[in-house]
Amino acid sequence: EIILISNAFLYSFPEINARKLLGLDKGMTLSVLRNWKVSESEIWVRVELASNKLLDDPNKITKGWIKM
């Protein structure tokens with residue numbers, strides 16, 4: 001798990017021009033699913049947002065990519 005130290009965006013795939021799915025607030029906790037290293041200076045992480053699968057909207061976006 002990681003905790004965001006600043007606001008970020010959740011992207012549809014690991015590219016800065018990808019569609020932004022959701023704005024993420026500082027302090028959110030995310031589960032890391034995998035890493036993707038584009039170059040030495042560009043690393044992306046596939047994450048999953050904490051959710052209650054029984055109570056949350058089934059169409060709610062819970063997975064995506066963030067740039068580290």
Side-chain angles (χ1 to χ4, degrees):
E1 289 189 337
I2 58 173
I3 298 173
L4 295 178
I5 59 170
S6 63
N7 293 344
F9 284 103
L10 191 68
Y11 290 89
S12 56
F13 59 94
E15 184 177 296
I16 202 68
N17 295 324
R19 183 171 56 105
K20 293 177 183 174
L21 301 174
L22 193 61
L24 304 174
D25 296 327
K26 175 182 173 179
M28 286 186 77
T29 301
L30 308 169
S31 297
V32 175
L33 302 175
R34 70 175 292 202
N35 297 327
W36 184 261
K37 188 173 185 178
V38 176
S39 66
E40 288 297 321
S41 62
E42 189 174 356
I43 298 172
W44 290 80
V45 179
R46 174 94 166 142
V47 296
E48 182 173 25
L49 283 64
S51 66
N52 183 330
K53 301 202 186 307
L54 295 176
L55 299 177
D56 287 346
D57 179 352
N59 297 319
K60 177 183 173 185
I61 294 169
T62 60
K63 294 181 184 175
W65 294 88
I66 59 170
K67 187 174 187 300
M68 300 301 281

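FYI, the numbering just counts along the sequence from 1. Side-chain atoms are counted along with the backbone in the values below, which use heavy atoms only and exclude waters and symmetry mates.
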**Report entry** Common cluster, V47/L22, ILVMFWY with side-chain heavy-atom separation under 4.5 Å
**Finding:** yes

Query raised in the report: Rounded to the nearest 0.5 Å, what separation is found between the CG atom of L30 and the CG atom of L4?
Result: 4.5 Å

Query raised in the report: Would you say the side-chain atoms of N7 pair up with the backbone N or O of K26, donor to acceptor, closer than 3.5 Å?
Result: yes

Report task. State plainly whether one hydrophobic cluster holds both M68 and V32, where clusters connect Ile, Leu, Val, Met, Phe, Trp and Tyr through side-chain heavy atoms under 4.5 angstrom apart. Result -> yes

Report task. Kindly compute the distance separating CD (E1) from CD (E48), expressed to the nearest 0.5 Å. Result -> 10.5 Å

Query - Same apolar cluster (I L V M F W Y, side chains within < 4.5 Å links), L24/F13 - result: no

Report summary line: CG (L21) and OG1 (T62) are apart, to the nearest 0.5 Å, by 10.5 Å

Requested in this report: Step by step, work out the side-chain contact (heavy atoms from CB on, under 4.5 Å) result for L10 and L49.
Outcome: CA-CA 10 Å; L10 191 68; L49 283 64; 3.9 Å; yes

Report summary line: The ring-ring contact (aromatic ring centres under 6.0 Å, His included) partners of W44 (sequence neighbours excluded) come to Y11

Query raised in the report: L33 and M28: same hydrophobic cluster, using ILVMFWY side-chain contacts below 4.5 Å?
Result: no

Requested in this report: Measure the spacing between NZ of K67 and CD of E42 and express it to the nearest 0.5 Å.
Outcome: 5.0 Å

Query raised in the report: What do you reckon, is CD1 of I5 surrounded by more than 12 foreign heavy atoms closer than 6.0 Å?
Result: no

Report task. Establish whether I16 and I66 are linked, either directly or via other cluster members, by ILVMFWY side-chain heavy-atom contacts under 4.5 Å. Result -> no

